[in-house]
Structures are given as structure tokens and as C-alpha cells.
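Only one structure is covered here, and it is reproduced in the block below.
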Number of protein chains: 2
Amino acid sequence: MERKTPNIQDIARLAGVSTATVSRAISTPSVVSEATREAVFDAVRRTGYQINLTARNLRRRRTGAIVVMVPDLGNPFFSRILAGIEHVAAPAGFSVLIVDTKQPHAEEGQLFTYLHNTRADGLISLDGSLPRALLERLDGSNGLPPIVFACEWMAGGLFSKVVIDNAAGAAMAVRHLHNLGHRRIGHVRGPQGNVLTSARLQGTRAALKELGLQIVPEWFFDGDFSLQSGVAAARAWLALQERPTAVFCASDQMACGFISELSMEGYSVPRDVSVVGFDDIDIARRFIPPLTTIHQPRNDIGAEAAKLLIERIGTGMVAAPAVHEVLPVELVARQSSGPAAPLVPY
Amino acid sequence: MERKTPNIQDIARLAGVSTATVSRAISTPSVVSEATREAVFDAVRRTGYQINLTARNLRRRRTGAIVVMVPDLGNPFFSRILAGIEHVAAPAGFSVLIVDTKQPHAEEGQLFTYLHNTRADGLISLDGSLPRALLERLDGSNGLPPIVFACEWMAGGLFSKVVIDNAAGAAMAVRHLHNLGHRRIGHVRGPQGNVLTSARLQGTRAALKELGLQIVPEWFFDGDFSLQSGVAAARAWLALQERPTAVFCASDQMACGFISELSMEGYSVPRDVSVVGFDDIDIARRFIPPLTTIHQPRNDIGAEAAKLLIERIGTGMVAAPAVHEVLPVELVARQSSGPAAPLVPY
DNA sequence: AGCTAGTATGTAATCGATTACAAATTGCAG
DNA sequence: CTGCAATTTGTAATCGATTACATACTAGCT
């Protein structure tokens with residue numbers, strides 16, 4: 001048994017060549033002669049040699065890793081996006097490093113070490129609320145790694161991003177409800193200050209206005225994308241004197257929480273109120289009733305973001321213009337939305 | 001603007017000391033004099049110097065990263081476990097690297113490069129079906145990194161693991177149904193060959209036997225933990241002449257799929273059949289009806305696994321005996337399970 | 001003053017690869 | 001047989017930190 005893992009020197013000795021040749025045989029086989037190549041590969045096989053990536057990366061001035069910043073790892077919404085990222089990054093030779101930005105240890109100082117280019121060659125952020133100060137120092141300008149946002153983004157358009165048309169999605173949801181005959185439509189918002197919240201809110205407002213429907217402030221409920229906040233919205237809905245007959249929730253999780261709470265209180269969806277979600281998470285089609293929602297291609301978002309980032313890393317990340325990719329959304333009509341009840345209760 | 005990021009030499013020059021002193025000022029501040037320390041820190045501040053982790057890691061012969069192997073990143077069951085791992089690993093100075101073992105690129109050869117110690121200092125696997133051949137070469141013996149399994153594990157007890165008592169959990173579920181008066185109890189299995197599948201199946205069988213209930217083969221449905229397989233099990237249940245009055249599903253996802261499909265066919269839970277799940281995923285408490293299930297402390301599982309691994313990495317990973325940690329599960333009774341109907345229909 | 005112990009710093013080797021440059025070898029045309 | 005280009009290989013510098021060892025200096029004691 002070896003005392004330690006073999007290194008390139010050991011291979012060189014065994015194959016009777018220099019380390020330079022070993023390196024070449026491994027990285028650019030075409031430039032070494034048939035015979036030497038075989039000798040080297042044979043030595044590699046015999047020893048089980050594995051290249052030391054740390055050393056290679058040091059010399060090549062790269063890390064072979066990309067960091068993904070996730071607002072909340074516990075939220076299943078992100079799982080498929082991560083899968084999409086991993087699906088593209090791994091074959092391209094990049095490891096995927098994940099950071100939960102909402103963890104207490106992820107304060108500005110800590111985050112910066114992740115962004116720094118000795119840790120990763122690039123960064124994908126699913127969190128649009130990273131401290132500005134942090135990012136201004138980044139994105140290629142100072143030799144620091146390129147950044148791509150996905151799902152969420154930062155105002156200003158400075159950074160590349162892969163997103164969906166949130167306003168359009170929201171408008172689709174509202175129009176769908178309108179088509180079903182609903183004229184009193186409410187909305188459960190995402191968390192304050194979130195870009196998705198404002199985009200979906202704005203889309204909702206615009207569609208309501210366009211359809212000539214009134215915008216009733218009491219019908220706009222606070223939320224934060226979580227199940228629990230959907231529950232809270234349902235309680236608020238129950239407390240209303242005049243209730244909207246349909247509610248568009250800015251996330252499926254909130255829609256589930258909303259329906260669940262109403263159901264516990266003896267109300268039924270869509271009989272008593274129609275509900276539309278946003279995201280099309282896995283459970284949506286199997287919720288009871290199955291959720292009408294705006295489908296987001298989560299896998300593709302992750303994959304596209306990774307593709308974009310890796311491209312940037314490859315091109316020496318010179319201050320290329322930011323790319324803004326917008327992926328399509330579609331309405332998936334299921335059973336949580338139905339025709340509006342006649343104006344006068346039967 | 002600098003042409004490139006500053007390195008330790010630049011700091012040394014600026015502070016008027018040697019690189020050795022800079023290194024010491026940063027890693028072990030107590031051994032340098034007050035004055036020098038200040039000079040160094042000042043230079044660091046002025047330049048925005050960030051240590052090059054690749055170089056440090058090369059010299060220290062470590063990577064500062066741990067790899068987590070996830071059977072299916074798209075499955076939300078794993079999200080909280082990842083969060084638990086990240087929560088412990090990040091403050092301890094380890095980055096978390098994730099690999100989806102079910103991706104096509106994750107073949108044996110590829111996987112091995114992840115396991116190799118130039119990539120990571122240790123490995124947490126949530127996948128109990130890694131190729132044996134792969135693992136036999138690992139776990140400290142050859143200077144390769146230590147491994148901890150979490151949730152799933154590999155038969156043989158060679159590796160450390162953090163798990164729950166799956167058989168006990170299954171037995172709790174069965175006993176709960178028995179207490180409610182059910183005498184005809186079925187089970188939806190996990191995927192073939194999975195350790196969780198067999199443990200939960202075995203626990204189910206044992207409890208049935210202990211309670212003097214019959215074990216009817218037709219009441220044991222195939223599944224693979226997914227929503228869709230729960231749907232399939234529901235169809236199988238519907239097709240039966242003699243149906244069990246209660247079904248224990250080996251995962252919440254299957255339980256949701258099962259209930260959902262029955263509901264679409266006009267059946268209602270728990271009126272027509274009681275259902276118990278396993279895992280207590282986030283949506284469980286908000287499903288309709290809220291799911292009775294076996295609660296797994298997913299966050300803790302991840303955190304414990306990370307703690308264990310990091311400990312091992314710290315102690316130079318000499319062939320320490322494998323540690324097998326078993327975390328407690330508990331039954332959470334909600335509304336998907338109810339009293340058995342009287343033997344003769346009303 | 002002379003000696004010891006302790007503190008602070010510098011010199012240079014080292015981690016394990018990559019690669020610019022030089023040198024050696026081979027092939028072939030003239 | 002000579003000369004030149006093309007191919008293959010080796011030498012040694014390099015990436016950016018850490019650390020063993022050596023050295024310089026200070027303080028305290030006899």
C-alpha cells in the first residue's frame with residue numbers, strides 16, 4: 001500500500017518520462033507519441049493516479065466550480081432549478097457549490113468570500129436581494145467572477161439573467177379568471193421588496209385595469225410565497241365582508257395553504273372561490289383540487305442560467321454586455337378555478 | 001485599477017514585511033507583533049486582498065469542500081436535508097458541493113472524480129445504492145476521504161450513517177391504524193432494492209404479524225416514492241375486489257398521489273380508506289386532508305451527518321470505527337386517517 | 001557583562017500540477 | 001551529406017500560499 005496518493009512525479013518515474021510529458025499525455029494526448037502515451041496511461045492505471053485538481057486549478061488560475069446562491073434551500077421550488085444547473089454544469093467540468101443566503105452565517109462578509117474568484121469561477125444567484133455594494137465590485141470588472149441571475153434578479157439590468165415574464169404570467173392568470181366570469185378578483189402577494197412580487201403584482205394590476213375590473217385594496221393580501229402565508233391570506237379572506245370570488249396567488253405554495261385553510265373551515269374550492277397559483281410545482285397537479293397555475297420551466301431556467309454563465313467564464317469574461325433571457329410561461333388550467341357563481345346566491 | 005487581484009507578495013511589499021509574516025498575521029495573528037499585524041491588516045484593507053484558497057488548499061493538502069450525493073435533486077424531500085448540511089458545513093469553513101447521482105453524466109467514472117480527495121475532504125451520500133466497488137476503495141483506507149451516509153445507507157455497516165428507525169416508524173403507522181379499528185391494512189412500497197423500502201416493509205410486516213393481522217399480498221402495492229407511483233397504487237387499490245380499509249404509504253409523496261387519485265375518482269379519505277404517509281414533508285400538514293404521517297427530522301439528519309463528517313475530517317480520518325446514529329421519528333396524527341367503518345356497511 | 005529564554009521575523013522549500021522555452025530527434029528535399 | 005522543418009521530450013519557472021528552520025532582537029537573571 002502506498003503511503004500517500006501518487007502524484008505526477010510518481011507517474012513520471014514509473015513511465016520513465018518527465019512530469020511535463022505526463023501532463024501533456026493527460027491534458028493534450030495528441031502531442032505525445034503513441035508509445036509514451038501508452039506508457040503514461042499504463043502507469044496511471046497501475047497506480048490509480050488521480051490528478052490533483054487543486055494544483056491544476058492553482059496553475060490554471062481557475063477553480064472549476066460555480067456557486068449557486070439560493071434564498072432558501074428548504075423551499076422545494078428551487079430543487080428543480082438546482083437540478084437543471086447541475087445537469088449542465090457537471091458535464092462541462094464544473095462542480096456546483098450551493099449557499100443558502102438566508103442562513104445566519106451568510107452575512108455580507110461571508111458571502112463575499114464565496115463570490116471571490118478563488119472560490120468559484122462564476123456565480124448564479126436565485127436571490128435578487130443580494131447587497132448591492134457587494135455586487136458592484138463584481139461581474140468581471142475587477143477580475144472577479146461573472147454573475148448570472150435566475151428567477152429573481154436585481155433592478156438595473158446590469159447583470160445577465162434568465163427569467164420568465166412574470167407580469168405576463170400574472171396577466172394570464174387574471175384573464176383566465178375573467179374568462180370564467182369572475183369580476184371580483186383578489187391577489188396574494190409575495191414578500192415585500194421582492195422583484196417577483198412587484199412584477200406579478202404589476203401584471204395583476206395591469207390586467208385588472210385592462211379588463212375594466214376594480215382594484216380593491218382589501219383584496220390584495222400580504223404573503224411571502226410560503227405555505228403558511230397562504231394560510232394567513234385565507235384567514236384574511238374569511239374575515240372580509242365582501243369577498244373576491246377568485247384569488248390569484250403569487251406562488252403555488254401560497255395557493256395550497258390558502259385552499260387548505262379554507263377547506264378546514266368548511267369552504268370548498270372552486271365552489272366558494274377560485275384559486276390560481278404560480279410556479280407549477282410538482283404537487284400542483286396532485287393537490288385537491290388540482291391547481292390551476294402558471295407553469296414555469298424550472299429545469300430549463302437552471303440549465304439556461306448555467307449555460308450562459310459557463311459561456312461567460314469561457315470567453316474570459318471580458319465585460320460582455322448583459323444578456324437577458326426570458327423563458328415562456330403558460331397557463332395550466334386545472335380544477336382549482338371554475339365558473340363564477342351567479343351574482344345572486346341560489 | 002489593478003491589473004490583477006493582489007496576492008500575498010503584494011501585501012508583503014506594501015506592509016514592508018515578508019510573505020511569511022503576512023501569512024502568519026492572517027492565519028495566526030497572535031504570533032505577530034501588534035505593529036506588524038496592523039500594517040498587514042492595513043495593506044489588506046487598502047488593496048481588498050482576498051486569500052487565494054486554491055493555493056492555501058494545495059499547501060494544506062485539503063480542499064475545504066464536502067460533496068453531497070443526492071439521488072434526485074428534483075425531489076423536494078431532500079431540500080431540508082441539504083439545508084441542514086449547509087447550515088453546519090458553512091460556518092465550519094466547508095463549501096457544499098452537490099451531485100445528482102441519477103443524472104446521466106454521473107456514471108461510475110465520473111462519480112469517482114467527485115469522491116477523490118482532490119475534489120473534497122469528505123462525502124455525504126443520501127444515496128444508498130452507490131456502486132460497492134467504488135466505495136470499497138474509499139473511507140480513509142487509501143487516504144481517500146471519509147464518508148457518511150444519511151437517510152439511506154449501504155448494507156454491511158462499514159460506513160458511518162445518520163438514519164432514522166424506519167422499521168419502527170412503519171410499525172408506528174400500522175399500530176396507529178390498528179388502534180383506529182382497521183384490520184385490513186395495505187402498504188405502498190418504495191422502489192425495489194432500496195434500503196428504506198425493505199426496512200419500512202419489514203417494519204410493516206412485523207407489526208401486522210404482531211397484531212395478529214393477515215398479510216395479504218394483493219394489498220402490497222409497488223411504488224418508488226414518487227407522486228406518480230402513489231397514483232398508480234390508487235388505481236391498483238380501486239381495481240381490487242376486496243380492498244384494505246387503510247393503506248400505509250412508504251412516502252408522503254406517494255400518499256399524496258394516492259389520495260389525489262382516489263379523490264378524482266370520487267372517493268374520499270379517510271371516509272373510504274385511511275392513509276398514512278412517511279416523511280412529514282412540508283406540504284403534508286396542508287394537504288387535503290392533512291396527512292397523518294411519520295415525522296422525520298430532516299434538518300437534523302443533514303446537520304448531524306455534516307457534524308459527523310466534519311469531525312472525521314478533523315481527526316485525520318484514521319480508520320475510526322463507523323458511527324451509526326439513529327434519530328427519533330414520531331407519528332403525527334392528522335386527518336387522513338380515521339376510524340374504520342363498521343364491518344357491515346350502513 | 002554574559003547567558004538564557006522567549007519573541008518576532010525572514011529565507012527558502014514545499015504542495016502538485018502546467019507551460020514557455022530549449023534541446024534532441026527524425027524525416028526529407030536538395 | 002547537409003540543412004531545415006516538424007515532432008517529441010525535457011528543464012525549470014510558475015501559480016499563491018504555508019511552514020520548518022534559521023536568525024535577530026529583547027528582556028531578565030546572575
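When reading the values below, keep in mind they use all heavy atoms of this one structure, side chains included, and skip hydrogens, waters and symmetry mates. In what follows, chains carry the letters A, B, and so on, assigned in the order in which the sequence lines appear, proteins first and then strands, with residues in each chain numbered from 1. Because the structure is a prediction, the values reported are computed rather than measured.
Contact of the B:Ile313 side chain with the B:Ile66 side chain is registered, since non-hydrogen atoms from C-beta on lie closer than 4.5 Å. In this structure, the side chains of A:Ile26 and A:Tyr49 come closer than 4.5 Å at one or more pairs of heavy atoms.
Neither side chain, A:Asp127 nor A:Ser125, offers a donor N or O lying under 3.5 Å from an acceptor on the other. When only modelled atom types and interatomic distance are considered, A:Thr63 and A:Asn57 share no side-chain donor-acceptor pair under 3.5 Å.
Atom CZ in B:Arg59 sits 9.5 Å away from atom OG in B:Ser23 (nearest 0.5 Å).
At a non-hydrogen distance threshold of 4.0 Å, A:Val32, A:Ser33, A:Thr36 from residues 28-39 of chain A come into contact with DNA chain D.
Shown here are the side-chain hydrogen bond (donor to acceptor under 3.5 Å, both in side chains) partners of A:Glu325, two or more places apart in sequence or in another chain: there are none. Evaluation of the side-chain hydrogen bond (donor to acceptor under 3.5 Å, both in side chains) rule for B:Arg80 yields B:Asp282 as partners, not counting sequence neighbours. For B:Asp72, the side-chain hydrogen bond (donor to acceptor under 3.5 Å, both in side chains) criterion is met by no residue, not counting sequence neighbours.
Put simply, A:Arg62 has no side-chain N or O that comes within less than 4.0 Å of OP1 or OP2 on D:dC15. Applying the 4.0 Å criterion to OP1 and OP2 of C:dG16, one finds that A:Asn7 has a side-chain N or O inside that range.
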* **Per-nucleotide protein contact string for nucleotides 19-28 of chain C, where B marks a base within reach and S marks sugar-phosphate only (heavy atoms under 4.0 Å, - for neither)** => BB--------

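Between its two ends, the helix from C:dA1-D:dT30 to C:dG30-D:dC1 turns its axis by 60°, counting five pairs per end and rounding to 10 degrees.
As rounded to whole Å, 13 Å separates atom C1' of C:dG10 from atom CD1 of B:Ile8. Between the CG atom of A:Leu53 and the C1' atom of C:dA17 there is a distance of 10 Å, rounded to whole Å. As a whole-Å value, the separation of B:Leu58 CG from D:dT18 P is 11 Å.
Heavy atoms of B:Val22 sit nowhere under 4.0 angstrom from any nucleic acid atom.
Cation-pi check for B:Arg298 over B:Phe78 is not met; the charged atom does not lie both under 6.0 angstrom from the ring centroid and within 45 degrees of its normal.
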